[in-house]
Amino acid sequence: MGKGITSRKENYSQWYNELVVKADLAENSAVRGSMVIKPYGYAIWEKMQAQLDKMFKETGHSNAYFPLFIPKSFFSKEANHVEGFAKECAVVTHYRLKNGENGIEVDENAKLEEELIVRPTSETIIWNTYKNWIQSYRDLPILVNQWANVVRWEMRTRLFLRTAEFLWQEGHTAHATREEAVEEAIKMINIYAEFAQNWLGLPVVIGTKTENERFAGALETYTIEALMQDGKALQSGTSHFLGQNFAKAFDVKFADKNGQLEYVWATSWGVSTRLMGALIMAHSDDNGLVLPPKLAPIQVVIVPIYKGDAQLKDFDEKVDAWLAQFKAKGISVKYDNRDIHKPGFKFAEYELKGVPVRIAIGPRDLEQGTCEIARRDTLEKHVIQQEGLVDYVEKLLIDIQNNIYQKALKHREESNHKVDDFESFKKAIEAGGFVYAHWDGTSETENKIKELTKATIRCIPVDNPQEEGKCVLTGQPSKQRVIFAKAY
RNA sequence: CGGGGUGUGGCCCAGUCCGGUUAAGGCACCUGCUUUGGGAGCAGGGGAUCGCAGGUUCGAAUCCUGCCACCCCGACCA
């Protein structure tokens with residue numbers, strides 16, 4: 001492992017790339033645009049999954065699994081949906097290989113009658129299925145989620161933030177009424193927001209997307225938008241109210257209490273391994289990863305400082321007792337008594353990997369009944385008594401979780417700009433952060449602004465204060481400010 | 001798909017312009033000894049069809065032709 005990583009100031013983008021690789025989270029694979037998520041990175045993802053899954057189940061959802069392959073004809077049933085995804089679909093056309101002149105080649109005689117699309121999202125296959133599941137209002141609602149991989153053939157990819165294949169969950173629900181579906185979509189975006197704030201330690205703005213940025217096939221897209229340290233926004237989760245679009249496309253009707261046939265109302269919602277990118281970019285520093293304790297695979301690491309095997313034995317005995325106490329409290333702890341590295345190396349390594357709390361114990365401590373505690377978020381170190389160590393660390397982990405969130409929140413607040421003319425707007429966008437500005441509500445203006453500044457409307461915040469104003473570009477009347485930012 | 005760049009042990013790379021010993025160095029790896037409170041030191045060791053395929057030549061990492069891959073910048077996106 002090489003020493004150090006590029007600093008954020010030097011090159012933020014390079015800092016991110018190096019961090020992902022050096023912290024052992026993921027690496028590029030032999031397949032263009034597709035990553036390998038390494039055990040340490042996957043462990044974080046599993047913790048995210050576990051918590052989200054719990055939250056989904058608590059709100060009445062069940063998991064299921066739908067096929068990876070979607071017949072092309074399904075895909076084209078919803079006009080906006082096809083249009084939105086057509087440019088980034090992987091297509092399976094054949095089902096057999098053969099030995100040819102140049103080695104293994106595709107067997108032209110094994111062409112599929114109908115091509116299969118590798119799912120970029122599953123609305124179509126799921127609504128084709130729901131058609132058979134739904135006859136009456138008694139079959140509703142359907143509250144299903146699936147954990148899956150999806151493929152979107154991206155031009156340019158970056159580990160976790162944008163890869164050709166990624167992991168996610170997609171919830172797909174069916175409801176008897178519009179109100180219930182809208183309520184569901186809002187409920188789920190709120191769950192995402194709660195997860196982001198309480199687990200990722202990431203403050204988010206909840207809002208709706210403009211028509212331009214809306215999911216292909218949705219009537220309304222709710223989003224959580226987070227701000228990264230470099231002042232760029234990251235869409236971290238979306239929840240869609242799909243209206244009756246997919247029900248109509250797949251002819252999914254139900255008989256209501258009066259025996260009337262009605263189209264079903266739908267939602268879908270998802271978060272992906274992109275959250276890993278959000279997590280990394282939101283908190284980490286020039287020394288490496290900074291993980292919120294609630295998602296850290298290792299929450300506490302204990303490093304002994306010793307001379308010779310005999311001395312190590314003294315530590316082993318003492319630390320074994322601590323390990324048992326930590327485990328009893330459900331705190332994941334690692335005792336690193338490897339002899340192949342010196343303590344200094346281990347300190348650097350665990351900082352790079354974002355372990356929230358490090359305990360060092362050496363001969364001096366053994367004499368004095370103390371140990372040294374270092375917290376990753378502030379890099380502060382101090383010596384405490386061994387007595388009460390485990391309780392102390394338990395509290396410290398909570399404190400770190402809070403501090404990480406507060407720090408990110410402070411950064412976002414300090415990066416907010418309110419502007420009323422286009423010159424200030426351009427400057428504010430250049431400076432980075434969320435820019436609150438009036439907008440005349442047209443796609444033309446939105447596109448023009450994107451062209452001129454690379455900034456897009458991230459969202460229209462929910463409960464947005466209404467105020468009279470003039471569009472920052474056209475001067476047309478506007479009733480509210482929306483959030484502009486450059487985005488990932 | 002446009003514009004630029006790079007391919008040399010696991011990783012970073014020198015050498016390529018101007019062809020000529022056994023392809024250099026650092027990191028990592030293995031062995032041994034000494035070390036251990038912020039990325040240890042010394043000694044020894046293993047590991048490379050120089051992206052691929054042709055061609056020129058007595059001789060190619062180096063020159064020529066073709067191909068491939070990857071990276072960066074643009075248009076698209078969670």
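Each chain gets a letter, A, B and so on, in the order the sequences are listed, and its residues count up from 1.
Remark: the separation of the C1' atoms in A14(B) and U62(B) is 13 Å, to the nearest Å. Taking atom C1' in both U49(B) and G44(B), the straight-line distance is 28 Å, to the nearest Å.
Counting any heavy atom pair closer than 4.0 Å across all strands shown, Arg338(A) reaches no nucleic acid atom. Using a 4.0 Å heavy-atom criterion, one finds that Glu154(A) contacts the bases of the nucleic acid, with or without backbone contacts as well. Ser29(A) comes within 4.0 angstrom of no nucleic acid atom, judged by non-hydrogen atoms across all strands. Among the atoms of the strands shown, none is found under 4.0 Å from any heavy atom of Phe215(A). Here Leu161(A) lies in heavy-atom contact (under 4.0 Å) with a base. Residue contacts shown for Gly237(A) are absent, as no nucleic acid heavy atom lies under 4.0 Å away.
Across all non-hydrogen atoms, the minimal contact from Ile5(A) to Glu18(A) is CA-OE1, 3.4 Å.
The shortest distance between side-chain heavy atoms of Glu123(A) and His172(A) falls below 4.5 Å. A 4.5 Å side-chain heavy-atom check between Leu242(A) and Phe215(A) finds at least one atom pair inside the cut-off. Using a 4.5 Å cut-off on side-chain heavy atoms (C-beta onward), Lys38(A) and Leu25(A) make no contact.
Nearest to the side chain of Arg364(A), among G37(B), A75(B), A78(B), sits G37(B).
The base of G38(B) lies close enough to the side chain of Glu351(A) for a donor and an acceptor atom to sit less than 3.5 Å apart.
Paired with Pro304(A) under the rule side-chain contact (heavy atoms from CB on, under 4.5 Å), one option of Val319(A), Asn337(A), Asp316(A) passes, and it is Asn337(A).
Phosphate proximity of G38(B) to Lys381(A): absent, as no side-chain N or O sits under 4.0 Å from OP1 or OP2.
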* To do: Could you go through the side-chain hydrogen bond (donor to acceptor under 3.5 Å, both in side chains) check for Ser122(A) and Gln146(A) one step at a time?
  => CA-CA 9 Å; Ser122(A) 301; Gln146(A) 85 165 341; 3.2 Å; yes
* Toss me the dot-bracket line for RNA chain B: Watson-Crick and G-U wobble, both under 3.5 Å, 5' to 3', using | for pairs to another strand and [ ] for crossers. => ((((((((.[[[..)....(....]]].((((((.....)))))).....[[[[[..)....]]]]])))))))....
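Figure legend: cation-pi geometry between Arg358(A) and Phe347(A), with NZ or CZ positioned under 6.0 Å from the six-membered ring centre and within 45° of its axis.
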